[in-house]
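Only heavy atoms go into these numbers, but all of them, side chains included; no hydrogens, no water, no symmetry mates. Below, chain A is the first sequence line, B the second, and so on; all start at residue 1.
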Amino acid sequence: MTDPKLELKSLTQEIAFLEQEVAKVLAPPPSETKRVPLLVARTLSWLTWDYSQKESTWVNGAEDFYVTDVTYAAVRSAVPDVPVVENGEVLNVPDDAYSESMCDLPMGLGVTNDEDANYAFDFVWNYRLGSTAAQYASSANNAPLMVDRKALGNRERNQFLNFGRHPLLIKAGDSITFSLQPLHYALNGTAENDLVFNVHMILIGWRDGKMFGGR
Amino acid sequence: MTTQQEDIAKAIESRKKRIEALEKGPRWRNYKYVANIEFEADASIRRVSSPDQQASFVVKKDSYFLVTGLEYAYTVSGTLAENGAAASVLIPPGYNLPRFNYKMRDTGSDREWQNDWLPSRLLMTGNLNGLLFRRGLVKLLGGSEVFVLASSISVTSSSNITGLAAPKRHQLQFVFNGVEVLL
């Protein structure tokens, strides 16, 4: 009969061997071992009735950035009021209480309460890469073509703008510029004029972990 | 049998089970890691801010974790204004959910996951879906620690939402959904 201590030792060795084998099977391809997630956020802001097109540029660092998805978060808030304090009690609601999400509204954005149910906010967008000046969407001669907000997906249905098997590559040192054009709708002729609209454009993807694109 | 012999017999048995499991190959299962940020806030004003808060979780050894999404839930606990009983209320979407900015990093890559603070509106809860990652984008190795840092947290503490008396304890529960692979 085998000595139990020897049997224990051999079993331990067998476990170590099997664990190594399993780890080998699970090891990702070398190209994926250094992947680090990256979320890039750029914020663009408007006031009510401001129709000006806004742009925001982000410059990539020393690693290639592969973008798999693009989405957005839209938030509106009121211009801060001065709080009214009496006997240490704040009587009015400080204005950031008025901040609310606008992502989940089916028609336009911002029709969220009775107070300004006659007003809606929406936007169209585009982006271009710094190195090539290539627009995401363009008409003839690379002229920018603004795209509907809904192309960024429906958050309620788990949708982002997804590049599928062909992620957008923003090379090390390259830049991306978002262009957003707001749309303000007065459905009934009047609206509050002290709202701030913040649209956060979000890029989701990974860095390849190789400094300067592996050079 | 002496105690020592019994111990060896038990160790042999457990190792045999481990070998059996390993021979079947890696096991996959849906799993969630949770990081809780908790803070107390008085309800004397209707909106309160909290200082920066941090929470973390550690990925189990002998496994790795593929993150497929991130969302958060918001809970307020305290005593009921009516009868003083302890209560905890999960605030559904539609109410004024807390507003905050957040950042993430892990010790595996030892790097930030973002270029800038991200808005909480990217992490909705309930009927609006959370932040999703494509499979394979975020792979966390066993033993690495993942940190969530929340800043500029602003919560409404109006008692008409929850019926709770002050002081209240607020909890932001960050849920990392994904697939756990056990080696």
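The aromatic ring centres of A/W46 and A/F121 sit less than 6.0 Å apart. A ring-centre distance under 6.0 Å is found for B/F176 and B/F57. When ring centroids are compared, B/F100 and B/Y72 come within the 6.0 Å threshold.
If you measure heavy-atom distances from A/I15 to chain B, the contacts under 4.5 Å come from both the backbone and the side chain. In this structure, chain B has heavy atoms under 4.5 Å from both the backbone and the side chain of A/T12. Heavy-atom distances place no part of B/E13 under 4.5 Å from chain A, backbone and side chain included.
Within the cation-pi definition used here (under 6.0 Å to the ring centroid, within 45° of the axis), B/K60 qualifies as a partner of B/Y31. A cation-pi arrangement, defined by a distance under 6.0 Å to the six-membered ring centre and an angle within 45 degrees of its axis, is absent between B/K103 and B/W113.
Chosen from A/D69, A/L39, A/N162, the residue pairing most often with chain B at heavy-atom distances under 4.5 Å is A/L39. Contact count versus chain B (heavy atoms, under 4.5 Å) is highest, among A/T68, A/L8, A/I202, A/L203, for A/L8.
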